[in-house]
Amino acid sequence: MGKYIIAGNWKMNKLPSETYDFVKEVAKVTEGAKCEVVCCAPTVCLAEAVRAAKETHVKIGAENLHFEDKGAFTGEVSADMLLDLGVDYVIIGHSERRQYFAETDETVNLKTKKALEKGLIPIVCVGESLEEREAGITMDLIAIQTKKAFAGISEEDAKKVVVAYEPIWAIGTGKTATADQAQEVCKGIRDILADLYSKKAAKEITIQYGGSMNDANAAELLSKKDIDGGLIGGASLVADKFAVIVKAAK
Ligand code: PEP
C-alpha cells in the first residue's frame, strides 16, 4: 500500500529549549527505521527541530498552516515560512483544530491545496466523534470529510497527501480503536480515494491510524493491510516509546 510513515504530533508540549536534544534522541533511537519518521512540532520549536534533524533520517512537520500566502493574519504561519525553515510535512484538520479553532472541511481543503502547491506534504486528519460512531454514520461522515478535503486536487497531487484516520473518541483518551475497526475505516477511505481517482492512486496514498496508538498496540494496528502508519500524540513525547512504534512499521 502507501509508504509507511510514523509521525509524532507533539501538540502544545515540549519547549523550544528541549527540542534540539529530543529530536536528536528520536533520530538515535529510530536509526535504521524502515519507515519515514516525522516529528510534528509547535511552530516555535520548528527551527530547532529542523536544525537537529539535519543529516539524520528524521523529517520535521508543522501542526498547522494558513491557506493564504501572506498578509494580515495575526498569529498565523504561511507555507512559505515553513518551507523557509526547512519543514517537510504539515498536519491539517486535526480534530482539536476543528473543535477549538473553527477549522472546517472548507479550510482543510484550502490548506491542503496550499501545502501541495508549495511542496509541503499534508497529513490530512479525518475522524468521527463517539456520537457519530454510535449513530452508525462513521463512514458517511468520513466520506464527506475525505471528499471535501480532496476537492479540486489532481490525481498526481492526491498521491502526495497522507490521510490520518483519527477517531475523535480515541485521541488522548487511552481508548484505541480495535485493529479491525481501524482497518475497516482505513479501507473505506482507500475505497473512497479509488472512486475519486483510481485504484492505483488509492494504493499509493499513505493512510495512517491515530488515536492512542502506543508501544503496546502499534504492532497489531500496523499489521493491518490498509494501515500504512500512525499519527501519534502522547506516545511521541517519549523517544523510546516512539521508537517501538517506528520499529513496528516494517
Ligand atoms: C493525535 O493527537 O493525533 C493523537 C493521535 O493523540 P494520541 O496518540 O495521544 O491519542
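Treat the numbers as computed from the prediction; the structure is a model and nothing was measured. Both counts, for ligands and for their atoms, begin at 1 and track the order of listing. We number each residue from 1, following the sequence as shown.
Ion pairing between Asp157 and Lys113 fails under the 4.0 Å rule for side-chain N and carboxylate O. Ion pairing of Asp226 with Arg190 is present here, as a side-chain N (NZ or NE/NH1/NH2) and a carboxylate O approach within less than 4.0 Å.
When heavy-atom distances to ligand 1 are checked against a 4.0 Å cut-off, Ile171 comes that close through both its backbone and its side chain. Contact annotation for Cys125 and ligand 1: no heavy atom of the residue comes within less than 4.0 Å of the ligand.
Counted by atom type alone, Glu36 and Tyr89 present one or more donor-acceptor pairs between their side chains at under 3.5 Å. There is a side-chain donor-acceptor pair under 3.5 Å between Ser198 and Glu155. In this model, no donor atom of one side chain and acceptor atom of the other lie less than 3.5 Å apart for Glu31 and His57. Side-chain N/O atoms of Tyr165 and Glu128 include a donor and acceptor closer than 3.5 Å.
Not one N or O of Glu96 is nearer than 3.5 Å to an N or O of ligand 1, by distance alone. Residue Ile232 has no nitrogen or oxygen atom sitting less than 3.5 Å from a nitrogen or oxygen atom of ligand 1, judged on distance alone.
Assignment of Ser236 to the shell around ligand 1 is not supported, since no heavy atom sits closer than 4.0 Å. Note on ligand 1: Ala235 sits outside its first shell, no heavy atom being nearer than 4.0 Å.
In summary, the atoms of ligand 1 found under 4.0 Å from a heavy atom of Ser212, numbered by their order in the structure, are 7 (P), 8 (O), 10 (O).
Taking atom 9 (O) of ligand 1 as the reference point, the nearest protein heavy-atom neighbour is Gly234 N, 2.9 Å. Of the protein's non-hydrogen atoms, the one nearest atom 1 (C) of ligand 1 is His94 NE2, 3.2 Å. Among all protein heavy atoms, the one lying closest to atom 3 (O) of ligand 1 is Glu166 OE2, 2.7 Å. Considering only non-hydrogen protein atoms, atom 4 (C) of ligand 1 sits nearest to Gly233 N, 3.5 Å.
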Donor-acceptor pairs under 3.5 angstrom involving side-chain atoms of residues 140-151: please list them, not counting sequence neighbours.
from: Gln145; atom 1: OE1; to: Gly127; atom 2: N; distance (Å): 2.8
from: Gln145; atom 1: NE2; to: Gly127; atom 2: O; distance (Å): 3.4
from: Thr146; atom 1: OG1; to: Ile142; atom 2: O; distance (Å): 2.7

